[in-house]
Amino acid sequence: MSIAIYPGSFDPVTTGHLDIIKRAAAQFDRLIVCVMVNSEKRGLFPHEDRVRFLRTVTANLPNVEVDASPMLLADYARTRNATCVVKGLRALSDFEKEFQMALINRKLNPGLETMFLSARQNYTYLSSSITKELASYHVPLKGFVPAEILEEVQRRMEQELAH
Ligand code: ADP
């Protein structure tokens with residue numbers, strides 16, 4: 001059984017992330033979307049909410065599982081018998097860091113490949129941080145955040161970040 005992991009902060013999940021999830025899920029028997037818990041990067045939404053948002057928007061994808069982990073990705077992959085890490089690449093600026101991470105992960109876990117999926121053109125500008133920036137100016141997030149979680153995400157972001 002082919003198992004892949006799509007790791008990230010997902011603070012919150014965007015339509016760009018969801019596009020990668022759907023495309024990656026079509027390539028593997030099982031895709032584990034994992035919120036990587038980093039105690040130094042607090043973020044905006046608690047991890048439990050990020051997981052809940054991801055579960056809501058992937059509920060119709062039967063081979064997708066959502067998890068959260070504070071472990072090192074290379075170790076987490078071993079515990080889940082995953083052989084591949086999926087990353088989305090938006091621009092050249094993503095490449096340098098991601099390439100370095102891919103090499104480190106393979107060094108730590110030689111059985112672990114990294115697969116890069118190129119962002120769809122209409123999502124290349126999209127990131128969780130840009131959605132926060134826009135929400136802080138009350139810009140409607142329709143199209144940036146999946147419809148099922150849009151209302152809650154918009155409301156809570158505006159409460160926390162409004163100028
Ligand atoms: P960000 O805060 O930049 O959205 P994450 O850590 O949540 O970043 O991203 C997890 C993964 O998703 C990374 O591989 C990132 O490159 C990828 N990704 C993020 N946004 C997009 C997008 N709009 N299109 C494709 N891939 C994306």
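Read the numbers this way: they start at 1 and go in the same order the structure lists the ligands and their atoms. As a basis for the values below, the full set of heavy atoms in this structure was taken, side chains included, without hydrogen atoms, waters or symmetry mates.
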Side-chain heavy atoms under 4.5 angstrom apart, residues restricted to Ile, Leu, Val, Met, Phe, Trp, Tyr: same cluster for L54 and Y123?
yes
Looking at S128, which atoms of ligand 1 are within less than 4.0 Å of one of its heavy atoms?
1 (P), 2 (O), 4 (O)
Please report whether ligand 1 has a polar contact with G8, defined as an N or O pair separated by less than 3.5 Å (distance criterion only).
no
Compute the minimum heavy-atom distance from Y6 to ligand 1 and say whether it is under 4.0 Å.
yes
Under 4.0 Å from one or more heavy atoms of Y123, ligand 1 contributes atoms 22 (C), 23 (N)
Looking at M71, I want to see if its CE is surrounded by more than 12 non-hydrogen atoms of other residues, nucleotides or ligands under 6.0 Å.
yes
With respect to L126, determine whether any N or O atom, backbone or side chain, lies less than 3.5 Å from an N or O atom of ligand 1.
yes
I'd like to know if K87 and D94 make a salt bridge, using a cut-off of under 4.0 Å between side-chain N and carboxylate O.
no
If you measure from each heavy atom of I20 to ligand 1, is any distance below 4.0 Å?
yes
Flag yes if more than 12 heavy atoms outside R52 fall under 6.0 Å of its CZ atom; otherwise flag no.
yes
Any nitrogen or oxygen of A119, side chain or backbone, less than 3.5 Å from one on ligand 1?
no
Take a 6.0 Å sphere around CZ of F99 and say whether it holds more than 12 heavy atoms from other residues, nucleotides or ligands.
no
In ligand 1, the atoms that come under 4.0 Å of a heavy atom of F10 are 7 (O)
By number and element, which atoms of ligand 1 are closer than 4.0 Å to a non-hydrogen atom of S127?
3 (O), 4 (O)
Side-chain donor or acceptor of T14 paired with backbone N/O of S127 under 3.5 Å
no
A77 to I5 - nearest heavy-atom pair and separation
CA-CD1, 3.5 Å
Is there a heavy atom in P7 that sits closer than 4.0 Å to ligand 1?
yes
Run the numbers for me: atoms of ligand 1, each under 4.0 Å from some heavy atom of D94, listed by number.
16 (O)
Check for a donor-acceptor pair, side chain of N63 on one end and backbone N or O of A25 on the other, with a separation under 3.5 Å.
yes
Write down the atom of R50, the atom of G43, and the distance for their closest heavy-atom approach.
NH2-CA, 3.7 Å
Can you find a non-hydrogen atom of E98 under 4.0 Å from ligand 1?
yes
Taking distance alone, with no angle check, do S9 and ligand 1 share an N/O pair under 3.5 Å?
yes
May I ask you to identify the nearest protein heavy atom to atom 15 (C) of ligand 1, giving residue, atom name and distance to one decimal place in Å?
G88 O, 3.6 Å
Consider only side-chain N and O atoms of E96 and Q100, and report whether a donor and an acceptor are under 3.5 Å apart.
no
Any idea which of R90, R120, H17 brings a heavy atom closest to atom 3 (O) of ligand 1?
R90
For K87, is at least one N or O under 3.5 Å away from an N or O on ligand 1?
no
